[in-house]
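Single-structure report; data block below.
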Amino acid sequence: MTFYNFEEIENKWKDKWFSDNLYEAVDFSPKPKKYILAEFPYPSGAALHSGHMMRYTVPDVYARYLRMNGYNVLFPMGWDAFGLPAENYAVKTGIHPAVTTKKAIDAMKQSLMRMGYGIDWGREIATANPKYYKWTQWLFLKFYEHGLAELKEMPVWWCEALKTVLAEEEVLTDKDGNKISERGEHPVERRLLKQWVLKIPEYAEKLIEGLNYVDYPNSIKQAQINWIGRSEGAEVDFHIKGISEKVRVFTTRIDTIFGATFIVISPEHQIIEKIVTEEQISAVHEYMRLASQKSDMERTELAKDKTGVFTGAYAINPFNNEEIPIWTSDFVVMSYGTGAIMGVPAHDQRDFEFAQKFNLPIIPVIQPNDNNQPMLPFDGEGILISSGEFNGLKSPDARILMTDKAQNEGFGYKKINYKLRDWIFSRQRYWGEPIPLMYVEPDGHIEVETNLPLVLPDVPDYTPTSDASAPLARNQEWVNTISPSGKPAKRETNTMPNWAGSCWYFIRYLDPNNDNEFADMEKMKYWLPVDRYFGGAEHTNMHLLYSRFWYKFFYDIGLVPTPEPYQWRLNGGLLLGADGRKMSKSLGNVVDPMTVVENYGADALRLFICFIGPYEDTYPWNENGIKATFRLINTIYDIRNRVSENIENNELKKAFHKMLKNITDMTQDLKMNTVVSEIMIFINESKKVEKIDKELWMEFIKSLAPFAPYLAEELWQEVNGFKEWKKESSVHLQKWPKYDPEIIKMDQITIPVQINGKVKDEVLINALDTEETVKQKVMESEKFQNAVEGKEIIKIIYIPNKIFSAVIK
RNA sequence: GAGCACGUGGCGGAAUUGGCAUACGCGCACGGCUUAGAACCGUGUCCGAAAGGGUGUGGGUUCAAGUCCCACCGUGCUCACCA
């Protein structure tokens, strides 16, 4: 067998492809466009990792397939270049994040090229480039101008020792249950801080509605709908006994309000200080302190034992004037609804548990429709009882009438709430886009920086300062400025989150060098929306939702041409270590793609990733699997020695066209694993013939090109006898071969014969046989005759060319 | 607890969407090549001697179920006392 020197051959073609930008996407080409997008990588320390090759290989194959089918394909790549790891590294070493990021980008770009991904590198972007983030800042200002960005008190994890805000993942719990910082293990607590937020809940309805018009898997749509968490209900005011205050609660079950036997308010609720009684004040304060140690998640865990403290105050139920106690408990959180609920223990699981724990009365007010005595708590719908004038009403009707009453009498109204919260958009970090706003003296009013980009300045030290402001505050020369209105001002020192740049990067690929606009409208009209968007499942409720939000807002203010950014979406799976566990350095099961490329070549690796299974699933790495595709590559390369002109091999030709039909359909459906199987089947057939016809071989090479681009290029150049590289003669710019349905048409087919659902025989038929003819052939069969001997045939089902089924008695 | 997936040989998976379950590959066994091994090549490989039986378990619909319906068991992911 000839040795296939993959290293030499792959590097040769890689250099030629990319120096000629073979995979260029042409603006306004008359060809139909396809925009194939895969989430751009964060350029972290080392280089390409296994997740990237899982993410990009199938999209690349598909993009190549479309290109060969006459589409003007845009398959771009860029860098999500701002982020925490580079900054943390800078804090430790003092090396500027721009330096480490640049290094990582260079290494990763080389790796992506080496994998043979057909990227148009002429459109490369990086979010940390001032030419790019100029427009991120400009777009942020659109949110600000339209009232969708504002300063708000938001609860965040605060570490007093580090003088900084921490992310959820930077907070650990020690063995006594106390919250500590990952770095330094200092105490941490929840604290309210002024943060810039983007008001994504204002787009909740549009984000749900838009899902009707896009082609996402149901699981993604459902995940976003659940995350947005729309619920219809009512807000109702309860007056507080003895003082002129009221507490507002949100409920989806106003029909159960006659069963309310207590009120629970969140420990952060501002009304606490006004209503708490002398006797209860110290207990309440201690409880508030404990609650600040917990995350929302811990507070709301289902299995948790209920805790709480009585405030000493009583509320008055506006429907029946009952006086009910007001408690505070951490299972009620401030970030949802009004931060206060009415406790209806007979009809809500959590309220029931709370009432049992603290001996509060339980009053059933809903009777199930079937009149059976329900087990409490009963949270279903039913008929109202013990509810005064509303007795006998059904739950849904009661909700309408009771909400109307509240509205008419001014103590409540209909309300739709969302779980979706304001998106905290400021970070007390260095390595991000500066927020282009300033606080103008003397009154501190906000003015907009008009001279963009507002470039991220150098600082002497990347650690945060002591007053909860970002490292940028260390550069006083930069902080102190003159506002556009000519007054002294201090710049905002918080930066934007990593998500900012990735919210609109797919737009910038369309016009990456435009200094006058974030992108030209005509180019956007040509390319948008994205036809296929490949990414990670972990981004379903973050990046994917955030960027839809940005885009929908831009659409509303006329900046972009379509209501949705991504027409289609698929989440990809992971590659696990050979031990079936997530790859991690500590487990020592990390597979480095470039090491695999060195050992087996990029084509073998690409084929392996295709072959391993469907794109969206997760698999363990298997060294033997890649040996199989490596073998396939070598076998194909070996077969070229048997290519000759004017060879008649009809059977092989038939096998080829069969394969071609299958892989054409499968590639369209992104079923790359079965494509590789089909190629293997054809190659197994090819091994059996002595000589292969050159024409047939050339067709095969073209069909191989999207999957094993290097080998295909090598074989194509060789079989054509090209001496010199010319971009136009690359196999990747050829037309995808067309299968001939005549050749694969089966004249004779064996179909199974079933009797009472069991296969009893097979019969050879002609493809064009009528049902009558087939029936006759079956009747002639000896096995069939034996089986029906003395029985009555009651039914015959014939599915043309598939199956013959008889029912006998 | 909820939502969404999913459950097929020793393993990764396939099954034209209701029509011959286990394609293709790995592994394994035997054989070839080799002084020997690696690599490579070839043959075989669901269980059962057979009749038959087999897609997590139990039921159902159907001429026909891996595929559809119901219940249960189990796994994974995401969210989670959301009022």
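Per chain, numbering begins at 1; letters A, B, ... match sequence-line order.
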Using the [atom1] atom as the point on both nucleotides, what is the distance between [M] and [N], in whole Å?
| N | M | atom1 | value |
| --- | --- | --- | --- |
| B:A36 | B:U75 | C1' | 47 Å |
| B:A29 | B:G76 | P | 32 Å |
| B:U62 | B:U67 | P | 16 Å |
| B:C63 | B:C70 | C1' | 23 Å |
| B:G52 | B:C41 | P | 40 Å |
| B:G54 | B:G3 | C1' | 34 Å |

**Prompt:** Ignoring hydrogens and angles, does a donor from either the side chain of A:R253 or the base of B:A83 sit under 3.5 Å from an acceptor on the other?
**Reply:**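 Side chain to base: no pair below 3.5 Å.
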
**Prompt:** Is any side-chain N or O of A:Q349 under 3.5 Å from a base N or O of B:G1, one able to act as donor and the other as acceptor?
**Reply:**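 Side chain to base: no pair present.
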
**Message:** Strictly by salt bridge (Lys or Arg N to Asp or Glu O under 4.0 Å), give each pair with a member in residues 568-577 of chain A just once, sequence neighbours left out.
**Reply:** A:E39-A:R569

**Request:** Would you tell me whether A:E772 and A:T770 have side-chain atoms, one donor and one acceptor, within less than 3.5 Å of each other?
**Result:** no

**Request:** For the side chain of A:A628, starting at C-beta, report the closest nucleotide among B:C20, B:A83, B:C26.
**Result:**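 From the listed options, B:C26 comes nearest.
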
**Prompt:** So what does A:E538 touch, heavy atoms closer than 4.0 Å: a base, only the sugar-phosphate, or nothing?
**Reply:** nothing

**Asked** Taking only Watson-Crick and G-U wobble pairs with both distances under 3.5 Å, what dot-bracket line describes RNA chain B, where [ ] shows pairs that cross earlier ones and | shows pairs with another strand?
**Response** (((((((..(((......[....)))((((((.......))))))((....))..(((((..]....))))))))))))....

Distance-only check: which donor-acceptor pairs under 3.5 Å involve side-chain atoms of residues 792-800 of chain A, not counting sequence neighbours?
residue : atom : partner : partner atom : Å
A:Y798  : OH   : A:N801  : N            : 3.1

**Complete:** Of A:K688 and A:T338, the one whose nearest nucleotide on RNA chain B sits closer to the 5' end is A:K688

**Asked** Which sits closer to the 5' end of RNA chain B, A:M334 or A:N684, going by the nucleotide each is nearest to?
**Response** A:N684

Tabulate atom names and distances for all N/O pairs under 3.5 angstrom spanning the protein and nucleotides 2-6 of chain B.
residue : atom : partner : partner atom : Å
B:G3    : O2'  : A:N226  : ND2          : 2.8

Are OP1 or OP2 of [N] and a side-chain N or O of [X] less than 4.0 angstrom apart?
| X | N | result |
| --- | --- | --- |
| A:Y418 | B:C82 | no |
| A:N624 | B:G27 | yes |
| A:R631 | B:A39 | no |

Enumerate all atom pairs, one protein N or O and one N or O from nucleotides 13-17 of chain B, separated by less than 3.5 Å.
residue : atom : partner : partner atom : Å
B:A14   : OP1  : A:N673  : ND2          : 2.9
B:U17   : O4   : A:K671  : NZ           : 3.4

**Prompt:** Rounded to the nearest 0.5 Å, how far does CZ of A:F378 lie from CZ of A:F352?
**Reply:** 14.0 Å

**Request:** Report the glycosidic orientation of B:G9: syn if within 90° of 0, anti in every other case.
**Result:**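 Here B:G9 takes the syn form, which means its glycosidic angle is within 90° of 0.
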
**Prompt:** Atom CD1 of A:I683 and atom P of B:G25: how far apart are they, to the nearest Å?
**Reply:** 12 Å

**Request:** Strictly below 4.0 Å, heavy-atom distances to any atom of RNA chain B: list the hits from residues 228-237 of chain A, or just say none.
**Result:** A:S231

